[in-house]
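Structure, as structure tokens:
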Amino acid sequence: GDPDISESPLHPRRVSRRIMVGPVPVGGGAPISVQSMTNTPTRDVSATLRQIGELDQAGCDIVRVAVPTQDDADALPELVRRSPLPVIADIHFQSKYVFEAIDAGCAAVRVNPGNIRNFEKVGPQICQAATDAGISLRIGVNAGSLDKDIYERFGGPTPEALVASALKEAHMFEDVGFHDFKISVKHHDPVTTVQTYRLLASKGDWPLHLGVTEAGPAWQGTIKSCLAFGALLAEGIGDTIRVSLSAPPVEEVKVGCKILEYLGLRQRHFDIISCPSCGRSQVDVIQLAEAVTEGLKGITAPIRVAVMGCIVNGPGEAREADLGVASGNGKGQIFIKGKVIKTVPEDQIVETLLEEAQRIAGEMEAS
Ligand code: SF4
């Protein structure tokens with residue numbers, strides 16, 4: 001049967017309070033959502049909407065946009081109206097944009113109290129405006145923009161320092177009776193990230209937004225995010241995630257979705273199982289796996305396709321797959337659920353697999 005994606009198969013989820021980001025619930029046992037951030041100028045509404053459309057297609061639940069200038073703030077009403085995803089405005093330094101974002105109908109605003117001038121005075125006003133509009137906020141504490149006093153007290157952006165900063169800011173909101181916020185405490189190092197979120201998770205029931213900040217280009221950033229999110233989610237910590245990559249945002253969403261799928265926290269989509277190949281393989285498994293992955297990238301049905309380099313272990317190793325190929329002697333044995341249904345010449349393997357996969361996916365979608 002379908003997994004219960006609101007529960008982790010590895011560990012009970014940490015009990016957090018629930019907030020709403022537009023129609024998307026975050027925390028309180030809600031399915032873990034995937035976020036990303038556009039990298040187009042927000043004031044370029046059509047380019048930004050195009051990118052949001054791509055993120056939506058890839059499985060993104062919530063999108064964040066930067067609001068560094070007045071033109072960007074002015075673009076928010078139209079962007080919010082036309083976006084298929086709830087929009088979070090990301091605001092640094094200028095509190096007046098926070099109020100404009102709330103007026104524009106943004107689903108949430110991310111603020112970094114540490115770098116909003118005069119936050120002691122403006123903070124309560126922000127909370128009031130958010131309450132009146134029925135929207136949520138995110139406190140984002142970053143290692144790079146830590147409160148100076150806290151930095152000095154702890155001697156750097158340690159887990160304790162990041163959590164102390166988050167608590168200080170959380171209490172500022174709570175002292176004025178505002179509770180609809182989530183917290184992120186970001187660091188670029190996966191070990192520090194895990195330690196920090198663990199500590200924060202033990203201090204209260206805020207929903208937590210997981211992120212490894214400045215994680216690097218796609219390859220390194222993916223590994224760092226998988227490690228940190230994997231460890232935390234496996235302990236039940238985390239309510240919404242954002243993978244940060246120095247890569248097009250759609251790549252962040254793909255990685256985020258796959259992390260959740262592989263942890264049993266999101267319905268599985270298309271997946272490829274392929275052997276690493278070895279001295280026994282008689283075809284170029286790497287090329288074959290890539291061709292099949294490319295050919296099936298648009299498939300949304302939860303089909304598993306196996307590509308195995310030899311017939312010795314192929315079908316047996318991939319019995320869990322819906323469909324697969326095991327190659328040998330210039331031929332490919334096409335199998336379905338571990339049973340060989342036909343044998344085709346090597347140059348027809350890819351097209352046969354793609355045809356069969358489409359057929360099976362069509363059946364799955366119809367049922
Ligand atoms: Fe080697 Fe065959 Fe296993 Fe692939 S399936 S790794 S080729 S033994």
Side-chain angles (χ1 to χ4, degrees), residues 1-3 9-10 58-59 190 217-227 229-231 233-234 243 245 247 251 254-365:
D2 292 337
L10 293 167
W219 190 68
Q220 288 95 323
T222 298
I223 295 170
K224 286 186 197 172
S225 300
C226 289
L227 288 170
F229 297 1
L233 293 170
V243 173
L245 302 176
E251 300 303 319
K254 289 187 203 161
V255 173
C257 290
K258 280 294 172 199
I259 290 175
L260 296 182
E261 285 179 32
Y262 290 144
L263 284 171
L265 288 163
R266 181 171 276 222
Q267 225 69 265
R268 277 205 184 204
H269 285 273
F270 162 68
D271 194 17
I272 187 144
I273 298 167
S274 57
C275 82
S277 76
C278 71
R280 222 172 276 122
S281 57
Q282 298 177 3
V283 284
D284 187 338
V285 175
I286 299 170
Q287 214 176 44
L288 201 56
E290 270 169 15
V292 172
T293 306
E294 180 60 27
L296 294 177
K297 68 178 180 198
I299 275 197
T300 52
I303 180 172
R304 278 189 205 181
V305 181
V307 175
M308 309 305 263
C310 79
I311 52 175
V312 182
N313 295 324
E317 279 179 12
R319 220 179 288 278
E320 297 281 299
D322 297 293
L323 165 72
V325 63
S327 308
N329 290 331
K331 296 191 193 89
Q333 288 186 338
I334 306 293
F335 55 90
I336 288 181
K337 299 271 181 205
K339 280 216 178 71
V340 177
I341 55 148
K342 63 175 129 173
T343 302
V344 298
E346 198 174 306
D347 61 359
Q348 288 170 29
I349 292 175
V350 174
E351 60 172 278
T352 311
L353 277 181
L354 297 187
E355 265 170 38
E356 290 293 328
Q358 296 289 0
R359 189 182 58 74
I360 295 172
E363 282 173 13
M364 279 178 174
E365 269 154 11

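Whatever order the structure lists ligands and atoms in, that order sets their numbers, starting from 1. Keep in mind that what you see is a predicted model, and the values were worked out from it rather than measured.
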- Task: Check whether any side-chain heavy atom of Lys342 sits under 4.5 Å from a side-chain heavy atom of Phe335, and report yes or no.
- Result: no

- Message: I'd like to check Leu296 versus Gln358 (side-chain heavy atoms, cut-off strictly below 4.5 Å). Are they in contact?
- Response: yes

- Would a 4.5 Å heavy-atom cut-off, applied to side chains only, mark Gln267 and Pro302 as touching? no

- Roughly how far, to the nearest 0.5 Å, is the NZ atom of Lys254 from the CG atom of Leu245? 11.0 Å

- Query: What's the count of protein N, O or S atoms under 2.8 Å from atom 4 (Fe) of ligand 1?
  - Reply: 1

- Query: Considering residues at least two apart in sequence or located in another chain, which fulfil the side chain to side chain contact (heavy atoms under 4.5 Å, CB included) criterion with Lys337?
  - Reply: Asp322

- Message: I'd like to know whether Glu365 forms a side chain to side chain donor-acceptor pair (under 3.5 Å) with Thr300, so could you lay out the CA-CA distance, the side-chain angles of the two residues, the decisive distance to 0.1 Å, and finally the verdict.
- Response: CA-CA 9 Å; Glu365 269 154 11; Thr300 52; 3.0 Å; yes

